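Structure first, then comments.
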Amino acid sequence: MHDHETDGHRARKRFGQNFLSDPNIIRKIIDGIRPQAGELMVEIGPGLGAMTAPLIERLGHLHVVEIDRDLIARLHERYTPAQITVHEGDALKFDFGSLCAGLAADAGPALRIVGNLPYNISTPILFHLAGFADRVRDMTFMLQKEVVMRMVAEPGTEEYGRLSVMLQYRFRMGRLFDVPPGAFRPAPKVMSSIVRMAPLPVDQLGAQDEALLGRIVTAAFGQRRKTLKNTLRDFVGDADFEALGIDGSLRGERLSVAQFVAIANHCSARG
Ligand code: SAM
């Protein structure tokens, strides 16, 4: 396989670089985001700027987080500091909350996050971003279709797992549309999808101990073919299942998000 060059830039595989090049798809994504002048928005991985340019045009100013030094240099050449604030480095370590520092205390969750995410880090980046959900208004991402299907999966399906439960606990999510490999240069091997995520109001979340919820969900899906009685042995016994009205002989994939929350809260209450 030869390296792929776009606009004089050699795409780097280790940074998951596939650049959007289909103007119709770009327009459709921007229309889905509906950027309004003056909004606080950050783009993860602007790359060669396929989405960056139309976003800046509509917003006036955009924050971006980019890891590739060559691409960062291009962004500085192309845009003025009034148009773009470039945060150099790894989005997995970036403090997205810092972007809200200048906002009024009563501004509410105002941050909008968008990006055609590097697919090699999609799960860790989603978990990292979930940590800022209380300051986020919405997030719109392009990801591998297979990951988006897992994010929005319903109980009882093969795709339903830890990612579905932990993200659906925190966000309302919807798959907007699919994007074929031919829309990128170089073309990825897989189909992509656009997903929209909006944080649920904090008073609707319900888990008294979210870290405990995370541990229980991880255990329940660690060995998918085993029953809850088995996988959750360290957390709950027969009497707990009975009190919860949950059949311990089921597998984790049968439980709703609310049932996982109920198990976690039962453990918290029991001490
Ligand atoms: N947004 C561009 C587009 O749609 O054409 C580029 C998308 S490309 C799939 C992913 C981008 O994320 C690249 O620009 C890559 O350099 C950047 N990137 C990869 N890993 C990153 C990380 N850990 N933190 C920040 N940016 C990263």
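Bear in mind that the values here come from a model prediction, so they are computed numbers and not experimental data. Whatever order the structure lists ligands and atoms in, that order sets their numbers, starting from 1.
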Is ligand 1 under 4.0 Å from a heavy atom in the side chain of L92, in the backbone, in both, or in neither? neither
Do the side-chain N and O atoms of T6 and R185 include a donor-acceptor pair separated by under 3.5 angstrom? no
Between K229 and F241, is NZ or CZ placed under 6.0 angstrom from the six-membered ring centre and within 45° of the ring axis? no
Atoms of ligand 1 under 4.0 Å from any heavy atom of E43, numbered from 1 in the order shown, are 1 (N)
Report the nearest protein non-hydrogen atom to atom 1 (N) of ligand 1: residue, atom name, distance rounded to 0.1 Å. G45 O, 2.8 Å
Check against salt bridge (charged side-chain N to carboxylate O under 4.0 Å, His left out), D234 and R215: CA-CA 10 Å; D234 294 344; R215 289 200 299 280; over 6 Å; no
Residues S192 and Y119: side-chain donor-acceptor under 3.5 angstrom: yes
For R170, salt bridge (Lys or Arg N to Asp or Glu O under 4.0 Å) partners two or more places apart: none
In chain order, what residues pass the salt bridge (Lys or Arg N to Asp or Glu O under 4.0 Å) check against D247, with sequence neighbours excluded? none
Atom 17 (C) of ligand 1: closest protein heavy atom, distance to 0.1 Å, is E66 OE2, 3.3 Å
Measure centre to centre between the rings of F260 and F221, then say whether the value is under 6.0 Å. yes
Report whether M149 and I125 are members of the same hydrophobic cluster (ILVMFWY, side-chain heavy atoms less than 4.5 Å apart, transitive linking). no
Is it the case that atom CZ in R34 sees more than 12 heavy atoms from other parts of the structure closer than 6.0 Å? no
Please write down residue, atom name and distance for the protein heavy atom closest to atom 26 (N) of ligand 1. I67 N, 3.5 Å
Looking only at protein heavy atoms, which one is nearest to atom 19 (C) of ligand 1, and what is the separation? F15 O, 3.0 Å
Decide whether H9 and Q17 meet the rule of one side-chain donor and one side-chain acceptor closer than 3.5 Å. yes
For Q17, counting its heavy atoms only, list the atoms of ligand 1 lying under 4.0 Å from any of them. 13 (C), 15 (C), 16 (O)
Min over G16, P188, A183 of heavy-atom distance to atom 9 (C) of ligand 1 lands on G16
Just need the protein heavy atom nearest to atom 24 (N) of ligand 1, so name the residue and atom and give the distance. A91 N, 2.8 Å
Side chain or backbone of I121 under 4.0 Å from ligand 1, or both, or neither, by non-hydrogen atoms? side chain
Which of the atoms of ligand 1 are close to F19, meaning less than 4.0 Å from one of its heavy atoms? 5 (O), 6 (C)
Run the numbers on D31 and R58 for salt bridge (charged side-chain N to carboxylate O under 4.0 Å, His left out), then give the verdict. CA-CA 11 Å; D31 286 349; R58 302 213 195 170; 3.4 Å; yes
Closest to atom 7 (C) of ligand 1 (judged by heavy-atom distance), picking from V64, V65, I125, N116: N116
Pick, from G47, S21, G89, the option with the minimum heavy-atom distance to atom 25 (C) of ligand 1. G89
Do me a favour and list the nearest non-hydrogen protein atom to atom 20 (N) of ligand 1 with residue, atom name and distance? P118 CG, 3.5 Å
At a 4.0 Å threshold, what atoms of ligand 1 neighbour a non-hydrogen atom of L20? 3 (C), 4 (O), 5 (O)
Would you kindly check if the NZ (Lys) or CZ (Arg) of R162 is within the cone defined by 45 degrees around the ring axis of F127 and under 6.0 Å from the six-membered ring centre? yes
N or O pair under 3.5 Å between D90 and ligand 1: yes
Tell me whether L71 has any N or O atom under 3.5 angstrom from an N or O of ligand 1. no
For ligand 1, which atoms have a heavy atom of N18 less than 4.0 angstrom away? 7 (C), 8 (S), 9 (C)
Has I44 got any heavy atom lying under 4.0 angstrom from an atom of ligand 1? no
How far is atom 2 (C) of ligand 1 from its nearest protein heavy atom, and which residue and atom is that? P46 O, 3.3 Å
